[in-house]
Structures are given as structure tokens and as C-alpha cells.
Amino acid sequence: MPVSKTAYELREELQHERIVIELAKHVGVTYKASEQHGEIGSWRRSLPVLAEMLCAAGLGHLQVLLEYRLPYSPKRVDAILCGVHPETKRPSYVLVELKQWSDAKTVGTGLVKARGGRRQPDLHPAEQVRRYCRQLLDFVPAFARFPGQVKGIAYMHNAVRDAEWTLDEFEYDDFGQLYTSDLQGDLLSDLWSVLDADPATAGAAMAAAHELISAPPAPARNLLKTAADAFVARDDFVLLDEQQVAYKTVLDAVGEADSGGENKRKKVVVVNGGPGSGKSAIAVTLLAALARQKRKALHATGSRAFTETLRDKVAGDEERSGEIFKYFNEFRREPADALDVLICDEAHRVRGMPAHLHGKVRSQIDELIEVAKVPLFLLDEHQVVRPGEIGTKTDIISIAEGKGCEVVEISLDGQYRCGGSAKFDEWVVRILGLGSEPPAVWSELVEGSEDEYVVDSAGSPHELESWLLRQAKTFSGTARMAAGFCWEWHDPVTVDGELRLLDDVQIGGWRRPWNARQGFEVPGVPSASLWASEPEGFGQVGCIYTAQGFEYDWAGVIFGDDLVIRNGEWVARRDFSFDGSVNKAEPVRFDRLVRNTYKVLMTRGMQGMCVYSTDDETNNFLRKFAR
């Protein structure tokens with residue numbers, strides 16, 4: 001729940017630092033009285049400006065929601081002013097993005113760079129708050145019916161418009177306005193037009209705040225359904241912050257490539273982000289935009305399941321449209337700059353080459369850079385799960401710079417899978433020993449926060465399966481079981497003239513089949529590529545190669561004997577793995593690949609995850625922390 005105060009209360013509590021301490025606890029940062037940087041420093045510098053302005057303008061009775069987390073997103077709105085509209089008397093909301101920048105310059109379409117800011121561009125503040133408004137309306141159906149209730153403003157309270165001001169080269173609207181300190185009078189007029197200044201409306205303002213806080217959010221839209229809508233130009237994702245920066249950077253680079261001369265350097269865009277940070281949302285939104293511009297653009301991955309699912313769900317029966325989805329190894333013989341854009345999704349799965357071919361043929365990264373005027377690499381280095389996958393940021397940048405290209409790096413903050421729970425991503429990293437922090441008990445990690453992600457554990461595979469069925473029935477949504485590659489995987493067999501799957505995954509008396517192998521059509525069972533998206537996929541157990549790149553609402557994860565806890569430490573055991581390619585890796589690499597595998601499987605669920613291990617000591621360890 002966001003911190004909620006009237007503007008009068010906010011002003012008073014800022015004088016005694018109480019609100020800063022409360023906000024630090026709310027967002028999970030360590031409070032330090034001497035801290036002048038980060039979020040604590042920002043609150044100290046910006047919130048007094050907002051509180052004083054509201055109180056001086058006769059709006060001190062308004063309810064102010066601070067650090068409101070957008071539904072199904074890790075992003076937070078600095079402040080939401082809650083009141084009633086002076087004419088309609090309906091609840092009225094103003095989303096406020098506070099910027100301490102004293103100066104900023106336009107560097108691209110909807111992109112700016114602040115003086116003394118980050119190396120990568122930022123989204124134009126008005127565009128940032130505009131997209132926050134759209135996200136709120138998209139995922140709070142009660143407000144989507146009355147979009148006029150919501151307004152968005154960005155306030156650069158340390159800036160003054162001068163002769164060199166360029167940020168007004170932007171199309172403002174009700175969801176996205178930008179004010180500087182010299183336009184505070186215009187800002188107040190804007191607020192008075194949508195928020196009643198009568199102190200007698202204080203009770204209604206509090207009720208409006210409660211209505212927003214308690215409004216049930218709609219479930220996040222499924223990636224593939226939204227992608228399909230985007231491709232036929234009926235809809236698109238609402239890209240937020242760094243996601244939109246990446247999107248705009250690519251479109252600007254395409255325009256620059258058109259106007260470049262002989263000495264113009266090719267731009268290679270590298271976007272790095274964790275699971276569910278929006279990489280594939282960027283990809284499909286770019287595809288839709290480039291298609292509308294009639295640009296030559298293709299999408300490539302190293303995952304057969306992901307590529308074939310996109311072909312099926314996005315392109316549907318349009319065979320020609322389906323041809324935009326390719327594999328990394330299909331560009332070896334293509335001429336240079338044959339494409340305007342090549343979107344390399346899941347670029348961490350780019351393959352290396354055998355040692356005996358080094359120096360004789362181009363690397364796959366080289367081929368992908370060469371074929372497009374603007375190559376885009378979307379990657380997460382923690383999702384490398386095979387020894388031959390070399391798509392690290394360092395590899396890509398090194399090869400690109402070696403070819404004389406200009407590299408633009410963009411990091412995606414947060415993650416949008418797992419209900420937008422940054423805490424869950426942290427919990428997974430800690431429990432698998434992939435970071436420096438020790439494991440944490442889930443309930444203690446999220447205590448006092450707004451995090452609603454569900455984490456549970458099971459004492460048996462029967463219990464795990466029952467948990468998934470119960471969650472899917474009670475809260476609706478899709479559910480899938482996935483496991484480490486610790487059982488043999490046989491081809492289907494013919495029984496009474498019909499193909500059937502064998503129950504390869506056997507744990508005591510519990511037996512279930514793996515998902516169907518590629519190339520086999522088994523009645524009543526989806527193909528391997530569609531296991532994660534078709535309803536019939538629940539009856540089979542998925543593996544890393546069918547789960548990676550996808551999401552479902554409820555994830556059940558079975559740890560096999562290839563990764564166990566011994567004396568409090570993880571031990572990776574090659575003898576219990578049936579993954580032929582991973583088993584070829586040297587010991588340290590094998591350990592990392594197996595842990596990465598389980599990290600991927602654990603981060604597929606949108607609403608919750610339940611975990612179980614076939615090893616008793618390991619299951620006790622998991623149950624200790626998954627509560």
C-alpha cells in the first residue's frame with residue numbers, strides 16, 4: 001500500500017524527517033540520516049517543493065499517495081494527488097513525476113539527456129508520466145471507463161526555460177504535461193481545473209485515494225496475445241521508462257542510417273535486462289512499428305519453441321507474416337545491410353563456433369551485425385543454459401567495436417513477469433547462490449511491502465500438482481509444471497494405432513510425461529513449441545528448452561537430483577543430468593548452467609510459484625525459505 005498523507009501532513013512530517021523514514025521502509029531502502037543521494041536524497045529535495053506548493057495554493061487538503069507502484073510493474077509514481085473534480089464531483093487524480101534536473105536537452109524523438117545525468121538517454125518526463133497514466137488505465141478497469149479522471153504532469157522544479165530550451169519540441173496532452181519553476185502559475189491553474197480547492201472536499205479526497213488503493217487490478221495481458229494484437233496494429237504494449245528509451249533509440253538509429261554518408265558508423269544497440277524486464281515487449285512493439293513504416297525488419301532467436309510460438313500466435317495463418325520470425329543461423333549468406341533492423345531476441349542464446357573453425361568463418365554475432373543497418377541485441381546473461389551459448393554483453397560489444405560500429409548500451413530496470421515483484425527476483429538469486437547475499441525467508445523479505453507475489457513449497461509432486469490446480473481454479477489463469485533435465489526423454493510410442501507419451505518423469509508413485517518432442521504430433525497434446533501457451537500443456541512436464549522465453553500465471557518447479565543441498569551448500573551433480581549438451585561443460589561451467597536453468601524455471605510465473613525437490617535435504621532447505 002502506498003504512503004498516503006494530506007499535503008498539510010506531508011509538509012509537517014517533512015520537517016521532522018518522519019515521512020522520509022516511512023518511505024524508506026515502504027520501498028525497502030536503508031534509511032541513513034546523512035544520505036544525500038539516491039531515493040532518500042530525492043525525497044528530501046523534491047517533496048518539500050511539492051508540499052509547499054500545494055499548501056500555498058489552497059490544496060493542502062488533497063490526499064497525496066507517495067511512491068505508488070503501478071499494477072503489474074516495478075515502476076512507482078512519485079506522487080498521485082487525489083481529490084474531486086470541481087465540476088463533475090467525481091474522483092480526480094493527477095500523477096506527478098518530480099524531476100530535480102536543472103537542465104536537459106533533447107537527443108532524439110521523446111528522448112532527453114539531463115546535465116550530469118546517466119550515459120544513456122532518459123525518456124522525456126512528459127512521455128514518462130503519460131505512459132504511467134496509460135499503464136494505470138490499462139490495468140485498473142474501474143478507471144479505464146473514465147479516462148478523464150486521470151491527468152499526468154512532470155515538474156522540473158529546479159529548471160527554468162531559457163533561449164536554449166528544447167524539451168518543448170514535444171506533443172503534450174492531458175496525460176503528459178511538463179512544467180518548470182518559472183511556470184508554476186500555469187501548473188497551479190492546471191491543478192485547480194481538475195482538483196477542487198474547497199477544503200470541505202477533504203473527506204471526498206480521502207475516499208478517492210482509498211478507491212484507487214483498493215481498486216482490483218486486471219491481470220497482466222499475456223505476452224503472445226498482446227504481441228498478436230500489436231502486429232496487426234490494433235494495440236501495443238505500454239512501454240515504460242528504459243523500455244521506451246530502447247524502442248525510440250532503435251527507431252532514431254534507423255532514421256540516422258537513412259541519412260548517413262560514407263563515413264557514418266553503424267549503430268549496434270545492446271539492451272540488457274533480467275527475466276520479464278520487457279525485452280520481448282520491446283521486440284514485438286518494434287516489429288509492429290517497423291511493419292507500419294514498411295521497413296525491412298526481422299526477428300531472430302536461438303529458441304525453436306519461442307520462434308514457432310511467435311509464428312503461430314502472432315502471425316497466425318499468414319504464412320508470409322510468419323516469415324519475419326527467423327533463427328540466428330539463417331543469416332550466414334545474406335548480403336550486408338540487407339535489412340533495416342534485425343531484432344535479436346534472447347541474444348544470450350547466440351551460439352559459438354567449434355575451435356577448429358576460429359579464424360576461418362565469421363562468428364554468429366558478426367553475421368547478425370553485418371546483415372542489418374541497425375542490429376538490436378536483447379539479452380539476459382543469467383539465462384545462458386548451454387555451454388555453446390556465448391551471447392554475453394562483452395562478446396557482442398567487443399565484436400561490434402572491432403567492426404568499427406558505435407555501440408549504444410541500455411539497461412532495463414525491474415521486471416514485469418512475476419507480478420512485477422523485484423523482491424521475488426532477488427529471492428531467487430539469493431536462494432540459488434547466484435549473488436553475494438545469503439538466502440532469505442520469503443515472508444520476511446516482503447514483510448511490510450506491497451508485494452503480492454505468491455511463493456510456496458510442496459512436500460511431494462502430488463502436492464505440487466494439487467497446488468497448481470487449486471491456484472488456477474481459485475484465482476484463474478494458466479498453470480504449468482517444469483523440471484530440471486533429470487529423467488530420460490523418450491519418443492512417443494504407438495498404442496492401439498495411436499501415438500502416446502511415455503511417463504518419463506517418475507517420482508515414487510507419481511508419473512507424468514515430458515512435453516511432446518519436436519516433430520511429433522500426439523493427439524490431445526500440444527507440440528513442444530506450444531506447450532507453454534496451449535491449455536492442454538498442463539498434463540505434461542516442461543523442461544528448460546520449452547519454458548525459456550515464456551510465462552504462465554502459476555509455475556510449479558521440480559528440482560531434480562542434478563542440483564542438491566549438502567551441508568548448506570549447492571552441489572551440481574553431472575551423474576544425475578540427462579542434458580547431453582550441458583554435461584559436456586567443465587565443472588564450474590556445469591554448476592553455473594544448472595543454477596541458471598532453475599532460475600529460468602522459477603521465474604516463469606506471473607502470479608506465483610511453488611517449488612519441490614526430489615532430494616529430501618534439498619526440499620527441507622527450499623521449504624525453510626519458501627514460506
Side-chain angles (χ1 to χ4, degrees), residues 1-70 74-84 91-101 129 132 153-158 181 184 187-188 191 195 197 199-215 414 421-423 426 440 443-452:
M1 182 178 295
V3 174
S4 180
K5 306 285 180 182
T6 66
Y8 289 132
E9 292 170 337
L10 176 59
R11 182 175 63 177
E12 180 182 350
E13 293 196 15
L14 281 166
Q15 295 174 1
H16 304 285
E17 195 78 354
R18 291 193 298 266
I19 191 67
V20 176
I21 296 172
E22 187 175 352
L23 284 170
K25 182 179 180 181
H26 167 64
V27 304
V29 300
T30 302
Y31 171 78
K32 295 180 181 178
S34 59
E35 180 66 68
Q36 297 300 319
H37 302 289
E39 290 187 287
I40 290 177
S42 295
W43 295 328
R44 286 176 174 151
R45 288 187 289 272
S46 289
L47 292 183
V49 176
L50 177 65
E52 288 295 341
M53 180 184 70
L54 292 174
C55 293
L59 296 171
H61 64 283
L62 294 181
Q63 205 72 22
V64 183
L65 302 184
L66 298 172
E67 298 297 332
Y68 173 89
R69 198 183 84 177
L70 291 166
K75 298 297 181 180
R76 300 192 303 268
V77 185
D78 289 337
I80 300 182
L81 312 182
C82 307
V84 295
S92 187
Y93 306 92
V94 178
L95 279 63
V96 182
E97 179 66 21
L98 296 166
K99 294 292 185 188
Q100 298 164 48
W101 303 339
V129 75
Y132 286 178
I153 64 170
Y155 186 27
M156 290 175 59
H157 54 82
N158 290 330
S181 61
Q184 190 179 103
L187 168 56
L188 291 176
L191 294 180
L195 295 167
T201 61
M206 182 177 291
H210 178 74
E211 184 177 343
L212 175 55
I213 292 170
S214 60
S421 173
K423 291 288 187 183
E426 176 190 345
S443 58
E444 295 175 0
L445 189 64
V446 298
E447 185 177 4
S449 75
E450 294 180 287
D451 206 304
E452 296 180 353

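As the structure is a prediction and not an experimental result, all values here were calculated from the model. Keep in mind that the numbers below use all heavy atoms, side chains included, and drop hydrogens, waters and symmetry copies.
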Could you pull out the closest heavy-atom pair between [X] and [Y], with the gap in Å?
X      : Y     : answer
Ala209 : Ser4  : CB-OG, 4.5 Å
Ala79  : Val64 : CB-CG1, 4.1 Å
Tyr8   : Cys55 : CD2-SG, 3.5 Å
Ala197 : Leu59 : CA-CD2, 3.8 Å
His61  : Thr6  : O-CG2, 4.1 Å
Pro2   : Leu66 : CB-O, 3.6 Å

Derivation and outcome, side-chain contact (heavy atoms from CB on, under 4.5 Å), residues Asp78 and Val96: CA-CA 6 Å; Asp78 289 337; Val96 182; 5.7 Å; no
Check: [X] side chain, [Y] main-chain N or O, donor-acceptor pair, under 3.5 Å:
X      : Y      : answer
Thr201 : Ala204 : no
Tyr68  : Leu95  : no
His26  : Glu67  : yes

Between Leu50 and Met53, is a side-chain contact (heavy atoms from CB on, under 4.5 Å) present by the stated rule, with each step listed? CA-CA 5 Å; Leu50 177 65; Met53 180 184 70; 4.0 Å; yes
Roughly how far, to the nearest 0.5 Å, is the [atom2] atom of [Y] from the [atom1] atom of [X]?
X      : Y      : atom1 : atom2 : result
Lys99  : Ser42  : NZ    : OG    : 9.0 Å
Tyr132 : Arg76  : OH    : CZ    : 9.5 Å
Ile19  : Glu13  : CD1   : CD    : 5.0 Å
Lys5   : Gln63  : NZ    : CD    : 9.5 Å
Ser443 : Asp451 : OG    : CG    : 12.0 Å
Glu12  : Arg18  : CD    : CZ    : 6.0 Å

More than 12 heavy atoms from other groups under 6.0 Å of CD on Glu452: no
When you look at NE2 of His37, are more than 12 heavy atoms from neighbouring residues, nucleotides or ligands closer to it than 6.0 Å? no
Would a 4.5 Å heavy-atom cut-off, applied to side chains only, mark Gln100 and His157 as touching? yes
Leu10 vs Leu54 side-chain heavy atoms within contact, under 4.5 Å: no
Worked verdict on Val49 versus Leu98 for side-chain contact (heavy atoms from CB on, under 4.5 Å): CA-CA 10 Å; Val49 176; Leu98 296 166; over 6 Å; no
Would Val20 and Ile40 count as a side-chain contact (heavy atoms from CB on, under 4.5 Å) here? Give the steps. CA-CA 7 Å; Val20 176; Ile40 290 177; 3.9 Å; yes
